[in-house]
Amino acid sequence: MAEDYRQMWADLGLDLATHDALLGSVSQMYGDVYLSQKNRPKGMEYFDFVISEVHGLRIRELVDAKKEGKKIIGSFCVFVPEEIILALDGVSVGLCAGAEFAFEEAEKFLPRNTCDLIKSAFGFKLARVCPYLEASDLIVGENTCDGKKKSYEQMSTILDNLYIMDIPQMKSDSGKALLKAEYKKFIQRLEELSGKKITPENLKKGIETVNNKRKAMNRIYKLRNANPAPISGLDALLMNQVFFYDNPVRFTDSVNKIADELEERIKDKNGIAPDNAVRILVAGCPMALPNWKVPQIIESSNAVIVGEELCTGDRGHHILTEGNGSSVEDLVNNIVDRYFKIHCAVFTPNPDRLKRIKEMYKEYNADGVIDYNLQFCQPYQVEGGIVESELEKAGIPVLRIATDYSAEDRGQIQTRLEAFIERIKG
Ligand code: BJ8
């Protein structure tokens, strides 16, 4: 890291020794997983820099933003509307964690059979190693799966700035009305916190900024249907993960530069993988930073990931928010319309997700689908049964993987994957 940030971390209340251990292991992992890839787009150097400064420069920016009176809003779910946060001059940061850290501490609050994404968020808080969490003025928990919604009750005993947002579970008129009421309450809470007022102008600006970020990611996604694949799934996943942390304007600019570069690579037939590599679409649970395990195994098995039907993927940016409207009411309706289309497995029934997986399979010229689930994630695991049988009926090869953040099952996953890839080739 370019600068010494230790005083800043100490001021945020981090446990410096434990934090050093975390940063050390992430940087080692990043070197092994990312920097060892060959022929990456040059523009990925920006993301290498972002990761090298993920607890440094970006946190300094957050601390400076706080000094200017901006509020930092942390969240764990793509249902929390960044448009509204930006409109009220806030900074939105994702807090989902993708590493097995301080799980013994977390298990004092949560049963062992809780998914690792939730345990990790607790572990990061209890071990005091996440500067994003510590810098947040408000942390938004959302009532999505049972694991999350009940764990926020526990989390409220260790956080004094937790705000709970209710989320509908059915795509009905009353569900939509609930989402709108919750977004209006959220606006009110942020107005109180920031001392600012929402207006059609600032909301339009917020919508535009977030849409630009989504459009840039959608450009990258479109280009991934080329053969040979111009970028690895690991690199695309990294962009999706950084999507939740970075300055949105800088992020958009960097992603657009990579999209320009990919267009050139496609013209030159310059791929990250050979043109006969098996093309995989990954669907399922989000992969929070630094959860790179399954993509790394896939891409070291003569396959390349060409799309992610994940919240750290298509689900996070495929749909834009309509920017037309002359009143706050119109624009809030547009925001509700956009978010209500997110096909998270907490909704029942959830046919749009299956539809989108099939669409993506075609759009990206995929050869097979890996349905990735975290152990103990009931919504995605139960829905996985439907996904598997429907894809099989449609003649789409599918492999279900349920795993966690540990390295213990790497060998087993690798063996199953290799057999899957052979089956596709055959
Ligand atoms: S919109 S996917 S980010 S809720 S993996 S904690 S579902 S038990 S993360 Fe999610 Fe929002 Fe939906 Fe996306 Fe629960 Fe499953 Fe754990 Fe999960």
Side-chain angles (χ1 to χ4, degrees), residues 74-82 92-100 103 106-107 109-125 139-155 164-171 175 179 182-183 186 214 237 240-241 243-245 282-289 291 293-294 308-319 335-336 338-350 352-354 356-357 371-385 387 400-405:
S75 63
F76 299 98
C77 178
V78 297
F79 271 101
V80 178
E82 188 175 358
S92 172
V93 291
L95 298 175
C96 282
E100 189 177 21
F103 275 16
E107 284 168 10
F109 290 81
L110 303 166
R112 284 201 71 197
N113 59 352
T114 304
C115 90
D116 279 4
L117 199 133
I118 298 173
K119 267 194 220 166
S120 183
F122 270 75
F124 275 42
K125 174 64 198 166
I139 294 176
V140 186
E142 63 339 298
N143 288 343
T144 45
C145 64
D146 285 354
K148 271 182 166 180
K149 85 182 153 215
K150 295 307 285 183
S151 69
Y152 293 134
E153 290 176 25
Q154 289 280 28
M155 204 178 251
I164 300 297
M165 181 183 278
D166 205 6
I167 300 289
Q169 315 245 304
M170 290 184 84
K171 302 264 171 113
L179 192 64
E182 286 299 314
Y183 285 179
F186 186 52
R214 294 179 182 135
L237 174 64
N240 279 300
Q241 292 171 330
F243 182 95
F244 295 99
Y245 297 82
V282 180
C285 293
M287 294 178 181
L289 199 80
N291 177 9
K293 180 171 90 174
V294 170
E308 298 81 14
E309 186 280 321
L310 310 173
C311 286
T312 44
D314 180 82
R315 229 182 288 138
H317 50 72
H318 172 59
I319 309 166
I335 292 174
V336 172
R338 187 260 167 200
Y339 283 83
F340 202 57
K341 289 185 194 128
I342 297 174
H343 38 65
C344 169
V346 300
F347 279 87
T348 180
N350 192 28
D352 287 351
R353 179 161 168 252
L354 187 63
R356 185 67 190 138
I357 294 173
D371 187 40
Y372 160 83
N373 293 168
L374 277 175
Q375 269 166 18
F376 311 120
C377 171
Q378 285 172 346
Y380 282 90
Q381 284 203 312
V382 174
E383 196 163 284
V387 169
R400 289 174 69 187
I401 292 179
T403 183
D404 57 17
Y405 287 176

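Reckoned from all heavy atoms, side chains included, excluding hydrogens, waters and symmetry mates. Numbering of ligands and ligand atoms starts at 1, following listing order. Since this is a predicted model, take the numbers as computed values, not measurements.
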Proximity flag Val78 to ligand 1, non-hydrogen atoms under 4.0 Å: yes
Which protein non-hydrogen atom lies closest to [atom], naming both residue and atom, and how far is it?
atom: atom 16 (Fe) of ligand 1; value: Cys115 SG, 2.3 Å
atom: atom 13 (Fe) of ligand 1; value: Cys311 SG, 2.3 Å
atom: atom 2 (S) of ligand 1; value: Tyr380 OH, 3.2 Å
atom: atom 14 (Fe) of ligand 1; value: Cys145 SG, 2.2 Å
atom: atom 10 (Fe) of ligand 1; value: Lys148 NZ, 3.7 Å

Mind checking whether [X] contacts ligand 1 via backbone (N, CA, C, O), side chain (CB onward), both or neither, at a 4.0 Å heavy-atom cut-off?
X: Arg315; answer: side chain
X: Cys377; answer: both
X: Cys96; answer: neither
X: Ile118; answer: side chain

Side-chain heavy-atom pair Phe76, Phe244 within 4.5 angstrom cut-off: no
Starting at [atom1] of [X], measure out to [atom2] of [Y] and round the result to the nearest 0.5 Å.
X: Thr144; Y: Lys149; atom1: OG1; atom2: NZ; result: 8.0 Å
X: Lys171; Y: Phe340; atom1: NZ; atom2: CZ; result: 6.5 Å
X: Glu142; Y: Phe79; atom1: CD; atom2: CZ; result: 9.0 Å

Can you tell me if, anywhere in Cys344, an N/O/S atom lies at a distance from atom 13 (Fe) of ligand 1 that is smaller than 2.8 Å? no
Evaluation steps, side-chain hydrogen bond (donor to acceptor under 3.5 Å, both in side chains), between Asp146 and Gln378: CA-CA 9 Å; Asp146 285 354; Gln378 285 172 346; over 6 Å; no
